[in-house]
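To keep things clear, I will list the structure first and then write my remarks on it.
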There are 2 protein chains.
Amino acid sequence: MSTDASRRRDVTVADVAKAAQVSKAQAARALGNYGAVSEDVRERVLAAAEELNYRPNELARSMNTGKSNTIGVVVGDIENPHFGLATRGITDTAKKSGFNVILVNTDEDWAAEVDAVRVLLDKRVDGLIVAPASSVETRHLQDVHHSGRPLVLLDRTARSLNVDTVAVDMESISHESTRYLIEAGHSRIAFISTLRTDDSYATGLSLGSSQISDRRDGIMRAFREAGLKEPDDLVRFNADGPETIKKITRELLQLPDPATAIIASDGLIGLSVMEAIQDLGLTIPDDVSFLMYDDFAWTRLTRPPLTVIAQPVYEMGVAAAEALIRQIQGRKAPAAKPEFAATLVKRGSVGGPSGGKGSHHGRRKENLPAT
Amino acid sequence: MSTDASRRRDVTVADVAKAAQVSKAQAARALGNYGAVSEDVRERVLAAAEELNYRPNELARSMNTGKSNTIGVVVGDIENPHFGLATRGITDTAKKSGFNVILVNTDEDWAAEVDAVRVLLDKRVDGLIVAPASSVETRHLQDVHHSGRPLVLLDRTARSLNVDTVAVDMESISHESTRYLIEAGHSRIAFISTLRTDDSYATGLSLGSSQISDRRDGIMRAFREAGLKEPDDLVRFNADGPETIKKITRELLQLPDPATAIIASDGLIGLSVMEAIQDLGLTIPDDVSFLMYDDFAWTRLTRPPLTVIAQPVYEMGVAAAEALIRQIQGRKAPAAKPEFAATLVKRGSVGGPSGGKGSHHGRRKENLPAT
DNA sequence: GTGAAAGCGCTAACAT
DNA sequence: ATGTTAGCGCTTTCAC
């Protein structure tokens, strides 16, 4: 029980100084521990501060130092565990270095993102970590970079932007996964993504998100290398709600020449795709093979367990934060920038094709859950 | 291309004022739009600001106004979709009212929570939304409340704290769910929770989290009402990593008088419990019945789909934000504080105790070829 | 309506 | 080592 609990005005250095019988400057030095302060004074000031329950006003402090000790994080969808994990990596790392994190959700909406970046800048964050909704519309990020504020891109790269970027090599893992499907006998492989684009798909179309276009490129390269016809008609974007995704899935599966395998571009999409498949009364992997990005824990619980593309999300969050903090502290870039690789985790959702055409069951299923 | 892009110092009102040939005060008024400004001046100032690419310094602004237009949110685990969704409800609502959100993760660690609250207060947030790790150790929250800063509790209540709280009636839904299990024939029902506590379980033990103690109370009440012996030996806490949870699950299932039904206190626990059950070669609901809190999308994808307790998490986030903003704006409490109710979503993971004979909950496609 | 000047709470010269 | 005096960029009296 110290003195009276509630106080109208906040306690300031001036109050502490008065109580400790020293100048405001000395009190400030002791409190902020910088400059030279004698042991005696330091003790008196700290005691007074304690007694008065003094709390520094970080705003005022930030205003003169120019540092807010805060980093801003802009993600598309905090509800998505993918970002949840990444965010955790960021905050854990930031905390370790004494930084706070301001999180802003953009709903993968470009305008919201522009806004978020502006707000964060106005709040004078020391740096920004952004998972850009678009890899093409990056004016707002260019501005950040040009203004000299530390910036790190997460998850998605932006070619026109020469800034630290923490992301996995999507083209390569996409290629590997597709080859895996092709080797399992598939030649009608669909790809569903949330990417918002007005244009309908066309080969070589410049996509707004490098992440997605890299995946598409990987898929198509695998097809070309296998000498197969590229399944351009099975690439679908704008898969935004569960209903849309289900509808797309149904279409894909009921085409005259239907998809025999589906790749979901993230866990949320995967969820709806699987529901649609179940609703259709189809079985994985007998009727359709399924592969998805994001190795969520629940993917081990389904029957069969899902074959997924795992990304070291938490570690990427950590790396992004580290890179940003390094920039903020003005240290030079690390010797080698960490390379993150996604891995194909083969479980049980990929089998051979069986659709309308020749269903060669010759190929054996993946390792099924032990009974 | 306006003038030179990068500038050493930020543009301030003074710069704008000079450019617009007015006093600093007038420029500030026009920019912050308050006070009286003539049309002519306003236009000139705005034009100049635009030209100079002026951005207000929110820190300085906050310093005089005392408002930061920011609300702080403290949650235990951002990685948990439960909080992810709630957070989304909060940010969506906050944005609508022009508030920004600072998110801090505490890892359900009490010390980290105390720290988080302090940091947020130091940053002069306008208000706080906290999902308290403990319902007992609430000194830091008491302080917040006493200091007059708006505060809203989310998810968990704190009896000793008379502040706006947004949470569901856990005792009641827990009671309902337990009765449901009892009616299905179970009398050996286990409950697993992450709650950190040093004491081993004992009836009536005062638990740190009201959420958890309410659930336990609901369970026990159902047992008493049914005239059954309360399964005190099946209540387990400190279930913190996947391995711990699996171990606990195994123990529970291999007791001389084993549990025939398990209630997982959240989705993350549920995941590991299910894995353990699968590892044991047991089948749900034939060998064990399973019920869990949180209606995550993937619970519809398992075989059988899971019977869960759904909470209106997003709506609760919205309500919490609304309540907080109301406090911040000094408006009075609403006529009736919204009551949130969890609902028992009966799917297929609950059956009878001795081998699915009481399995009246199956749906059509539920018992598909799991093997 | 407008401008001069006084802060907000703190840090940062600059003296002493 | 300590105190004095300026600011940081903005809002806010308070005169005019």
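Protein chains get the first letters and strands the later ones, always in sequence-line order, with residue 1 at the start of each.
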If I take atom CZ in residue A/R29 and atom C1' in nucleotide D/dA1, what distance separates them, rounded to the nearest angstrom?
8 Å
For A/Y34 and D/dA1, is the shortest distance between a side-chain N/O and OP1 or OP2 below 4.0 Å?
no
Quick one: which of C/dC10, D/dT2, D/dC10 gets closest to the side chain of A/V41?
D/dT2
For B/Q21 and for B/A60, find the nucleotide of DNA chain C with the closest heavy atom, then tell me which residue's nucleotide is more 5'.
B/Q21
Listed nucleotide nearest any side-chain atom of B/N64, set D/dC10, C/dT2, C/dC10:
D/dC10
Between D/dG9 (P) and B/L52 (CG): distance, integer Å:
14 Å
Distance check: side-chain N/O of A/S38 vs OP1/OP2 of D/dT2, anything under 4.0 Å?
yes
Is the backbone of A/S68 close enough, under 3.5 Å, to the side chain of B/K123 for a donor and an acceptor to pair up by distance?
yes
Interatomic distance, A/D122 CG vs D/dG9 C1' [rounded to whole Å]:
13 Å
Could one point to a donor on the side chain of B/R124 or the base of C/dG9 with an acceptor on the other under 3.5 Å away?
no
Along DNA chain C (nearest heavy atom to each residue), the more 5'-positioned of A/R61 and B/R42
B/R42
Rounded to whole Å, the NZ-P distance (B/K67 to D/dC10) equals 19 Å
Starting at CE of B/M63 and ending at C1' of C/dG9, how long is that distance when rounded to a whole Å?
5 Å
How do A/K24 and A/D40 order along DNA chain D: which one's closest nucleotide is nearer the 5' end?
A/D40
Are OP1 or OP2 of D/dG3 and a side-chain N or O of A/Q26 less than 4.0 angstrom apart?
no
Derivation of the side chain to side chain contact (heavy atoms under 4.5 Å, CB included) call for B/V73 and B/I102
CA-CA 6 Å; B/V73 176; B/I102 300 189; over 6 Å; no
Rounded to the Å, how far apart are B/K18 NZ and D/dG9 C1'?
14 Å
Looking only at D/dT11, D/dG3, C/dT11, the nucleotide nearest the A/A28 side chain is C/dT11
Options D/dT11, D/dC10, D/dT2, nucleotide nearest the side-chain atoms of A/A36:
D/dT2
Where the side chain of B/S147 meets the backbone of B/V144, is there a donor-acceptor pair that is under 3.5 Å apart?
yes
Whole-Å gap separating C1' (C/dC10) and NZ (B/K123)
14 Å
Walking DNA chain D from its 5' end, the first of A/V22 and B/L31 to be reached, judged by nearest nucleotide, is A/V22
B/E79 (side chain) donor-acceptor with A/R88 (main chain) under 3.5 angstrom:
no
Give the rounded distance in Å between these two atoms: CZ of B/R55 and P of D/dC10.
11 Å
Think B/S23 has a side-chain N or O under 4.0 angstrom from the OP1 or OP2 of C/dG3?
yes
Main-chain N/O of B/G89 paired to B/D92 side chain as donor or acceptor, under 3.5 Å
no
Can you tell me if B/T70 uses its side chain to pair, donor with acceptor, with the backbone of B/N100 under 3.5 Å?
no
